[in-house]
Amino acid sequence: MSRIRHLISIDDLSKSDIEYLLDRADDFLDVARGKRRLRTLEGKILANLFFEPSTRTRMSFESAMKRLGGEVINLGTLEATSVAKGESLADTLRVVEQYADCIVLRHYREGSARFASQICDVPVINAGDGAGQHPTQTLLDLYTIRKEARLNNLKIALIGDLKYSRTVHSLIKALALFNAEIYLVSPETLRLPEEIMDVDVTFVECDLKEAIENADVLYVTRIQRERFPDEEEYRKVAGSYRLTAEMLENSDAIVMHPLPRVDEISYDVDGLKNAVYFRQAFYGVPVRMAILSEVMS
């Protein structure tokens with residue numbers, strides 16, 4: 001029997017649930033790399049409903065489903081759908097669930113995935129809802145940390161946009177289960193919201209130099225232009241942080257990024273052993289295979 005019906009928030013998972021999914025992802029590594037074939041989701045259809053742009057999340061879900069023998073249907077561009085004619089989200093969901101065995105939803109409105117799970121009979125997976133949660137990104141981040149460093153008693157620096165980054169918000173909640181010490185590096189106007197700090201974690205606010213000297217993991221985020229209500233406010237903080245190879249000369253910390261990057265990590269970091277962000281993108285496939293297998297079992 002499945003342990004998970006819908007995946008909406010990292011808050012819905014216990015530490016045991018998370019460890020179980022990460023262990024399941026290990027079982028799918030060779031399948032994700034194309035070295036072994038599995039057809040466990042043959043005959044199943046996944047519907048990708050993305051109301052915001054996405055490359056990695058959408059394609060990794062599609063890759064994960066196809067590697068397991070399933071099929072994928074996509075919403076496509078909003079201009080070419082009934083959404084452009086004024087159809088409500090509820091009606092779109094109720095129609096699409098007639099065509100698919102599982103729905104992956106990314107929507108600009110916080111709470112939309114929870115709403116979908118309450119009205120749909122098929123499993124719903126939250127692929128990001130506004131500035132809310134992005135639980136599958138969190139699981140692949142945890143998986144990357146476990147593969148490339150260690151998960152328990154971790155010292156991790158979160159760098160960049162800590163206010164609007166849903167990946168950071170979800171990751172903090174999960175790290176609280178693994179006794180992490182978290183260093184916060186951000187512009188003053190993009191500090192972590194106080195409600196996100198209401199978890200059992202040691203927070204240290206510091207500058208980038210101190211974070212590099214102390215952390216096992218440097219988790220860098222993009223300053224998200226699209227989240228700013230005012231363009232002028234974005235310009236004040238754009239380019240605030242830029243991690244370079246020279247800055248990492250004496251550091252063993254791994255560097256992660258949910259991608260896409262703009263200018264916050266210099267390209268000369270790509271060749272260092274510290275850089276794991278492209279492997280992090282790959283780990284999204286086995287992790288999402290584990291999730292899809294679980295909710296559709």
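What's counted below: heavy atoms across the whole structure, side chains too, no hydrogens, waters or symmetry copies.
- Between R114 and D12, at least one side-chain nitrogen of the basic residue sits less than 4.0 Å from a carboxylate oxygen of the acidic one, meeting the salt-bridge criterion.
- Residue R39 places its CZ atom among more than 12 non-hydrogen atoms of other residues, nucleotides or ligands, all under 6.0 Å distant.
- Side-chain atoms of I254 and R279, non-hydrogen and from C-beta on, never get closer than 4.5 Å to each other.
- Within 6.0 Å of CD on E148 lie more than 12 heavy atoms contributed by other residues, nucleotides or ligands.
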Exercise for the section: Apply side chain to side chain contact (heavy atoms under 4.5 Å, CB included) to L162 and I196, showing your working. Expected result: CA-CA 10 Å; L162 308 185; I196 306 297; over 6 Å; no

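- Judged by distance alone, the side chains of T202 and E181 never bring a donor and an acceptor atom under 3.5 Å apart.
- D27 has no carboxylate O lying under 4.0 Å from a charged side-chain N of R36, or vice versa, which leaves the two without a salt bridge.
- No donor-acceptor pair closer than 3.5 Å links the side chain of N179 to the backbone N or O of N152.
- A single hydrophobic cluster is not seen to contain both L154 and I212; linkage of ILVMFWY side chains at heavy-atom distances under 4.5 Å, directly or through other members, places them apart.
- Side-chain contact between L21 and L142: absent, with no pair of heavy atoms (C-beta onward) separated by less than 4.5 Å.
- Salt-bridge formation is not detected for the pair D129/R166: no Lys NZ or Arg NE/NH1/NH2 atom is positioned less than 4.0 Å from an Asp or Glu carboxylate oxygen.
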Problem - Test side chain to side chain contact (heavy atoms under 4.5 Å, CB included) applied to L93 and L49, step by step - result: CA-CA 9 Å; L93 290 164; L49 301 189; 3.9 Å; yes

Exercise for the section: Apply side chain to side chain contact (heavy atoms under 4.5 Å, CB included) to the pair L158 and L171, showing each step before the final yes or no. Expected result: CA-CA 10 Å; L158 305 176; L171 185 57; 4.3 Å; yes

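- Applying the side chain to side chain contact (heavy atoms under 4.5 Å, CB included) criterion to K209, with sequence neighbours excluded, gives D207, E213.
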Less than 3.5 Å apart, which donor and acceptor atoms pair up between the side chains of residues 97-106 and the rest of the protein, not counting sequence neighbours?
from, atom 1, to, atom 2, distance (Å)
E97, OE1, D121, N, 2.6
Q98, NE2, R94, O, 3.0
D101, OD2, I45, N, 2.7
R106, NE, A127, O, 2.8
R106, NH1, P53, O, 3.2
R106, NH2, T57, OG1, 3.4
R106, NH2, A127, O, 3.2
R106, NH2, H134, NE2, 3.2

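- Looking only at side-chain heavy atoms (C-beta outward), C206 and V185 come within less than 4.5 Å of each other.
- No more than 12 heavy atoms of other residues, nucleotides or ligands shown are found within 6.0 angstrom of CG on D198.
- Put simply, the side chain of Y277 does not reach to within 4.5 Å of the side chain of T144, judged on heavy atoms.
- Ring pair H107/F51 is tilted by interplanar angle, where 30° to 60° counts as tilted.
- Taken together through direct or relayed side-chain contacts under 4.5 Å among Ile, Leu, Val, Met, Phe, Trp and Tyr, L190 and V204 form parts of separate hydrophobic clusters.
- For the pair L140/R288, a side-chain contact is recorded, criterion being any heavy-atom separation below 4.5 Å from C-beta on.
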